[in-house]
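See below for the structure under consideration.
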Amino acid sequence: MNTEILGVVLQIFLLVVISYPLGKYIAKVYKGEKTWSDFMKPVERLIFKAVGVNPDEEMNWKQFLKALLILNAFWFVWGMVLLVSQGWLPLNPDGNGPQTPDQAFNTCISFMVNCNLQHYSGESGLTYFTQLFVIMLFQFITAATGMAAMAGIMKSISRKTTSTIGNFWNFLVLSCTRILLPLSLIVGFILITQGTPMGFDGKMEVTTLEGQEQTVSQGPVAAIVPIKQLGTNGGGYFGVNSSHPLENPTYLSNIAECWSILIIPMAMIFALGFYTKRMKLAYSIYGVMLCAYLAGVGINVYQEMNGNPRIDDMGIAQDNGAMEGKEIRLGAGATALWSITTTVTSNGSVNGMHDSTMPLSGMMEMLNMQINTWFGGVGVGWMNYYTFIIIAVFISGLMVGRTPEFLGKKVEAREMKIATIVALLHPFVILVGTALSCYLFAHHPGVVESEGGWLNNPGFHGLSEQFYEFTSCAANNGSGFEGLGDNTYFWNYACGWVLILSRFLPIVGQVAIAGLLAQKRFVPESAGTLKTDTFTFAVMTFAVIFIVAALSFFPAHALSTIAEHFSL
């Protein structure tokens with residue numbers, strides 16, 4: 001047990017220590033300063049020349065968003081065409097068939113919005129061709145899209161008064177060539193040394209310890225897993241994701257993958273400080289997020305390593321903790337750490353089954369996604385926090401009788417309205433979606449039975465499974481309580497629309513706020529200025545986040561995870 005806890009501490013220590021220099025490097029990349037990766041400039045110039053883009057041409061916030069949305073619309077069409085025709089495309093040694101239109105819609109939307117929710121099993125639902133040219137491609141592009149959006153906001157904040165926020169295409173390419181690709185190569189090399197397969201052969205025929213013949217899928221796994229983690233994507237190459245012994249073979253590979261999930265979101269907070277030359281603000285934001293993350297880790301590690309009281313009552317020893325749905329080679333502690341790491345970000349990969357974790361662990365996993373501001377996805381995580389900063393500034397200003405300002409720009413009604421809509425959209429789509437599915441389950445059982453019944457668990461946990469699914473979609477996470485049968489018309493289309501609304505409306509709102517504030521006249525700091533880089537304001541922001549985000553979901557948790565906990 002002590003060894004497991006030391007492993008948890010080591011991983012968190014590595015994250016905190018490395019995120020600072022990486023954040024400094026990311027800021028230099030986006031500012032166009034000299035870095036060790038300048039050897040990529042010829043490649044970048046070739047890309048810009050091929051697509052006819054001038055990377056030095058500045059965009060206002062509307063042009064920035066237009067480019068972002070057009071890019072995503074193009075890749076949606078690309079993905080749909082390839083997924084419904086993959087059975088006839090090359091690199092398909094296992095003979096996997098095409099996806100149905102409703103499943104392809106869900107898959108394509110899910111990976112396009114950086115959610116990577118999977119209503120299929122990875123090794124049988126896709127071919128090597130679509131794994132590479134849809135899944136892996138989208139994992140680079142969608143992660144870079146979020147990072148580019150944050151880079152635009154950082155640029156707007158760093159200027160006193162401006163009508164432009166940088167060039168979307170330039171930030172997108174830099175995110176891929178200077179940050180995501182180099183880190184993916186490093187992590188991929190580690191995984192290959194640990195036994196993760198990298199090739200294009202079909203299924204292996206192996207003889208098990210029982211003497212039975214079994215087929216084992218393989219393929220270009222080591223090329224796809226690094227970017228799924230680093231880009232906070234999370235889609236599993238195999239159906240059981242990173243609990244699969246070929247996707248995550250050893251404890252070292254587990255450390256490398258778990259570290260990869262959170263390192264860029266953490267570093268982006270420091271990048272904000274270095275880019276805007278406001279390190280005190282970055283420390284404040286980083287401190288709030290880190291404290292919330294550590295609290296979640298502490299709760300889940302305790303819950304999982306102390307076992308299930310129902311099993312204790314049966315007189316069965318649980319020296320290794322609550323091991324249902326977990327891998328022996330990883331242990332309860334590492335699985336608990338991963339469950340928090342993957343849900344404070346929009347990653348969603350798993351190295352154990354969240355459906356089997358203790359009720360309070362499941363509650364923490366959902367709360368992380370429902371709050372959706374503790375580090376979050378690459379780029380968009382800080383942008384969600386930025387929304388609550390605007391709300392906190394406005395409320396704080398009214399409370400103390402000062403004009404609401406953030407970094408020298410007055411926060412007025414228009415910005416506040418946008419921030420409020422973005423903040424309330426998240427609980428709205430989650431709770432309405434859950435209510436709809438519960439209504440159909442209770443009042444239209446024929447519809448549910450025609451789709452296979454949906455739930456494998458009754459009562460409190462059945463509600464948790466539906467609640468978790470919409471939470472995961474809205475947070476662009478992608479993990480699930482897999483007792484839910486979700487490859488149906490209802491879940492494919494319902495989740496698909498939640499994914500679209502929850503990805504693009506917040507990004508549009510957050511970039512719009514940044515653009516509107518950037519155009520305003522800069523107001524020098526004075527004795528009456530409300531400081532936003534203090535401990536007091538950090539606590540205020542946390543309180544606003546907790547009240548608006550967390551308490552919105554308390555009634556639903558009281559009927560699901562909390563009720564299940566007290567029923568043990």
Only one of Ser361, Ser339, Ser356 clears side-chain hydrogen bond (donor to acceptor under 3.5 Å, both in side chains) with Glu304; which?
Ser361
CA sep, side-chain torsions, deciding dist, call: Phe460, His565, ring-ring contact (aromatic ring centres under 6.0 Å, His included):
CA-CA 9 Å; Phe460 306 132; His565 170 73; over 10 Å; no
Between [atom1] on residue [X] and [atom2] on residue [Y], distance to nearest 0.5 Å:
{"X": "Thr107", "Y": "Ile135", "atom1": "OG1", "atom2": "CD1", "result": "7.0 Å"}
{"X": "Met364", "Y": "Asn300", "atom1": "CE", "atom2": "CG", "result": "6.5 Å"}
{"X": "Leu559", "Y": "Phe554", "atom1": "CG", "atom2": "CZ", "result": "9.5 Å"}
{"X": "Trp338", "Y": "Leu262", "atom1": "CH2", "atom2": "CG", "result": "12.0 Å"}
{"X": "Ile371", "Y": "Met366", "atom1": "CD1", "atom2": "CE", "result": "12.5 Å"}
{"X": "Leu191", "Y": "Leu252", "atom1": "CG", "atom2": "CG", "result": "9.0 Å"}

Hey, can you tell me if [X] and [Y] have their rings parallel, tilted or perpendicular (30° and 60° cut-offs)?
{"X": "Tyr468", "Y": "His354", "result": "perpendicular"}
{"X": "Trp78", "Y": "Trp75", "result": "perpendicular"}
{"X": "Trp454", "Y": "Trp491", "result": "perpendicular"}

Are there over 12 heavy-atom neighbours, none belonging to [X], within less than 6.0 Å of that residue's [atom1]?
{"X": "Tyr251", "atom1": "OH", "value": "yes"}
{"X": "Glu324", "atom1": "CD", "value": "no"}
{"X": "Phe428", "atom1": "CZ", "value": "no"}
{"X": "Tyr493", "atom1": "OH", "value": "yes"}

Quick check: closest heavy atoms across [X] and [Y], and the distance to 0.1 Å?
{"X": "Ser85", "Y": "Leu89", "result": "O-CG, 3.4 Å"}
{"X": "Ser464", "Y": "Glu564", "result": "OG-OE1, 4.3 Å"}
{"X": "Pro220", "Y": "Phe200", "result": "CG-CE2, 4.1 Å"}
{"X": "Gly352", "Y": "Thr335", "result": "CA-CG2, 4.0 Å"}
{"X": "Ser502", "Y": "Ala474", "result": "CB-O, 3.1 Å"}
{"X": "Cys473", "Y": "Leu117", "result": "SG-CD2, 3.5 Å"}

Are [X] and [Y] close enough that a side-chain donor and a side-chain acceptor fall under 3.5 Å?
{"X": "Gln303", "Y": "Thr357", "answer": "no"}
{"X": "Asn248", "Y": "Gln194", "answer": "no"}
{"X": "Thr127", "Y": "Thr130", "answer": "yes"}
{"X": "Glu465", "Y": "Asn457", "answer": "yes"}

Answer whether the closest heavy-atom distance between the side chains of [X] and [Y] falls below 4.5 Å.
{"X": "Gln229", "Y": "Val187", "value": "no"}
{"X": "Phe470", "Y": "Val432", "value": "no"}
{"X": "Leu83", "Y": "Phe111", "value": "no"}
{"X": "Leu294", "Y": "Ile12", "value": "yes"}
{"X": "Leu246", "Y": "Val221", "value": "no"}
{"X": "Leu15", "Y": "Ile263", "value": "yes"}
{"X": "Phe553", "Y": "Pro427", "value": "yes"}
{"X": "Pro359", "Y": "Phe566", "value": "no"}

When you measure from the side chain of [X] to the backbone N and O of [Y], does any donor-acceptor pair fall under 3.5 Å?
{"X": "Glu247", "Y": "Gly236", "result": "no"}
{"X": "Trp374", "Y": "Thr343", "result": "no"}
{"X": "Ser346", "Y": "Ala475", "result": "no"}
{"X": "Asn114", "Y": "Thr142", "result": "no"}
{"X": "Thr342", "Y": "Gly348", "result": "yes"}
{"X": "Gln139", "Y": "Asn233", "result": "no"}
{"X": "Asn492", "Y": "Thr488", "result": "yes"}
{"X": "Asn241", "Y": "Gly234", "result": "yes"}
{"X": "Asn347", "Y": "Lys228", "result": "yes"}
{"X": "Thr434", "Y": "Leu431", "result": "no"}

Show the numbers, then the answer: is there a side chain to side chain contact (heavy atoms under 4.5 Å, CB included) between Met358 and Leu568?
CA-CA 10 Å; Met358 300 299 294; Leu568 290 178; 3.7 Å; yes
Here's a test for you: under side chain to side chain contact (heavy atoms under 4.5 Å, CB included), which of Val225, Thr341, Leu230 qualifies with Glu257?
Val225
Derivation of the side chain to side chain contact (heavy atoms under 4.5 Å, CB included) call for Thr145 and Arg503:
CA-CA 11 Å; Thr145 296; Arg503 170 69 166 184; 4.2 Å; yes
Indicate, with yes or no, if the rings of His443 and Tyr439 have centres closer together than 6.0 Å.
yes
Examine His461 together with Phe481 and report whether their ring centres are nearer than 6.0 Å.
yes
Evaluation steps, side-chain hydrogen bond (donor to acceptor under 3.5 Å, both in side chains), between Gln212 and Thr207:
CA-CA 5 Å; Gln212 302 296 317; Thr207 303; over 6 Å; no
CA sep, side-chain torsions, deciding dist, call: Trp497, Phe105, side chain to side chain contact (heavy atoms under 4.5 Å, CB included):
CA-CA 10 Å; Trp497 283 107; Phe105 170 78; 4.3 Å; yes
Working note: Asn92 + Gln86, criterion side chain to side chain contact (heavy atoms under 4.5 Å, CB included); need CA distance, chi angles, decisive distance, verdict.
CA-CA 8 Å; Asn92 187 14; Gln86 67 177 3; over 6 Å; no
